[in-house]
Amino acid sequence: MKTKTAKQVFISFLCCLICVTMIAFSSPTLIFATSVQETEESSEGDDSEKEEEKSDKNDEEYRQQISDLQDKQSEIKKKQDALNDLISGVKGDKKKQQALANSFDAQIEITQEEIAVCEEKIALQKKRIAQKTNEISSKEKNIDENMQLFRERVRAIYMTGGYSDTTNSLIMLLSSTSVSEFLTRAEFLTRIAEHDEEMVNELRDELAELEEEKAELEEEKAALEEENAALLAKKEELEKSLQQAKASIQDLAAMQKEYEENYEELAAMTKAIQEELAEVYRNLNTSSAEYVGGEMMWPVPGYSKISCYYGWRFNNTDFHTGIDITGSGVHGAPVVAANTGTVIHTNYCPYNGYAYGYGTYIIVDHGGGITTLYAHLSNITVQKGDIVVMGQQIGNVGNTGWSTGAHLHFEVRKNGSSVDPIGYVT
């Protein structure tokens, strides 16, 4: 009986020792690991939802921006198609060449629009790639962190004999004071195991989703990079064409040759243009105030070459009512108001050719019957009724109307009649 009692005492002591050890080391580790993991998962869950919302918003913005750019490209294509139809509809090589010349400024305008859209699309696609790359990096980091936490959790449970049914049952049996306590502990450990199984499944799903997204991104990046390369090549080609166009200057000899070869037609056309302009002046509401006074500013700063002066030209067969200002690279150069005044007339005509007269032009009233006219523009930056000050940009040099190269036709008129501008400008 004494020997039996001694064994019972020894077993009781061993149980107490194991129980104390479990309480001191095992349980806190399990509970701490579980509670910390669940807290972090809850926080990461909120962050994950925010990241997904941000990603969805970025995707929606990107789709909308791409759609807007595609609409712009469609509009540009319509303009280009209309221009091509106009040229292709002309019969005969000579007339076709003239039609090409007629569309010179219109083609430049379309080209500039194409370049702008190309640049915008390239920038947008680069931003898209950077965003998707950051999103994937963030997800990879999040999965790595979760995996590390899971490893630490499994290690802690393993060190305390977790997940081993035989060992766990023995430890819990020896450390339990009752069957009820044993069952409670068994259920707690089972829930931990179930939770970890869920974590493994979630990590597996996240990894699969990540790999899928990475594959999609690589595919999208490849497509975007291919499109970017095509856009950059197109942009380079367009800019080269644009620079060649801008490098052209007025060829007065070509104009004279054209005029002499088609003298009767062009003489009649010139007369009609002047009559049309005279009618414009008759219908203008010019200011009754006195002339603002002072010398006028040179209308194309940085370009001083005069290719044709005021007066008779082409062997005294055509009277030039202004001066033509040109120079290398003049196409697109800013045209400024020669003096302070009010914009009283604008005319927009993007085509080139003698049939289109002054092309795109502006008339500014300076009071006292003095007006200035700026012709063959590629662009107008003011509106009728605007008050402009000396030196303010009102347009850009172009090649519209009857013009054989980029230049500004500048006139000064007094009570509707042309006078030599040289006497007015500095």
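Within 6.0 Å of CD in Gln383 there are 12 or fewer heavy atoms belonging to other residues, nucleotides or ligands. More than 12 heavy atoms of other shown residues, nucleotides or ligands fall within 6.0 angstrom of atom CD in Glu61.
Considering only residues two or more places apart in sequence or on other chains, Val292 meets the side chain to side chain contact (heavy atoms under 4.5 Å, CB included) condition with Asn339, His366. By the ring pair (Phe, Tyr, Trp, His ring centres under 6.0 Å) test, Trp298 pairs with no residue at all, sequence neighbours left out. Looking at residues two or more places apart in sequence or on another chain, you find a ring pair (Phe, Tyr, Trp, His ring centres under 6.0 Å) between Phe410 and Tyr374. The side-chain hydrogen bond (donor to acceptor under 3.5 Å, both in side chains) check on Glu275 picks up nothing, with sequence neighbours excluded.
Using a distance-only test at 3.5 Å, with no hydrogens or angles considered, no donor-acceptor pair links the side chain of Asn396 to the main chain of His331. Remark: side-chain polar atoms of Thr360 are not paired, donor with acceptor, to backbone N or O of His376 under 3.5 angstrom. A distance-only check finds a donor-acceptor pair linking the side chain of Ser403 to the backbone of Gly405 [under 3.5 Å]. Under the 3.5 Å distance criterion, the side-chain polar atoms of Tyr303 are left unmatched by any main-chain donor or acceptor of Ala333. Of the possible polar contacts, none joining the His320 side chain to the Trp312 backbone as a donor-acceptor pair under 3.5 Å is found.
Salt-bridge formation is not detected for the pair Asp68/Lys72: no Lys NZ or Arg NE/NH1/NH2 atom is positioned less than 4.0 Å from an Asp or Glu carboxylate oxygen.
Judged purely by distance below 3.5 Å, without hydrogens or angles, the side chains of Tyr62 and Ser67 never pair a donor atom with an acceptor atom.
Ring-plane geometry between Tyr424 and Tyr291 is classed as perpendicular, the angle between the planes exceeding 60 degrees on a 0 to 90 degree scale with a lower cut at 30.
The heavy-atom pair separating Ser418 from Phe319 by the smallest distance is OG-CE2, 4.4 Å.
Expressed to the nearest 0.5 Å, how far OG1 of Thr371 lies from NE2 of His345 amounts to 11.5 Å.
Within the structure, the salt bridge (Lys or Arg N to Asp or Glu O under 4.0 Å) test picks out no pair touching residues 358-386 (sequence neighbours left out). Annotation: salt bridge (Lys or Arg N to Asp or Glu O under 4.0 Å) contacts involving residues 389-414, sequence neighbours excluded, comprise Glu411-Arg413.
For His409 and Tyr358, the gap between ring centers is short of 6.0 Å.
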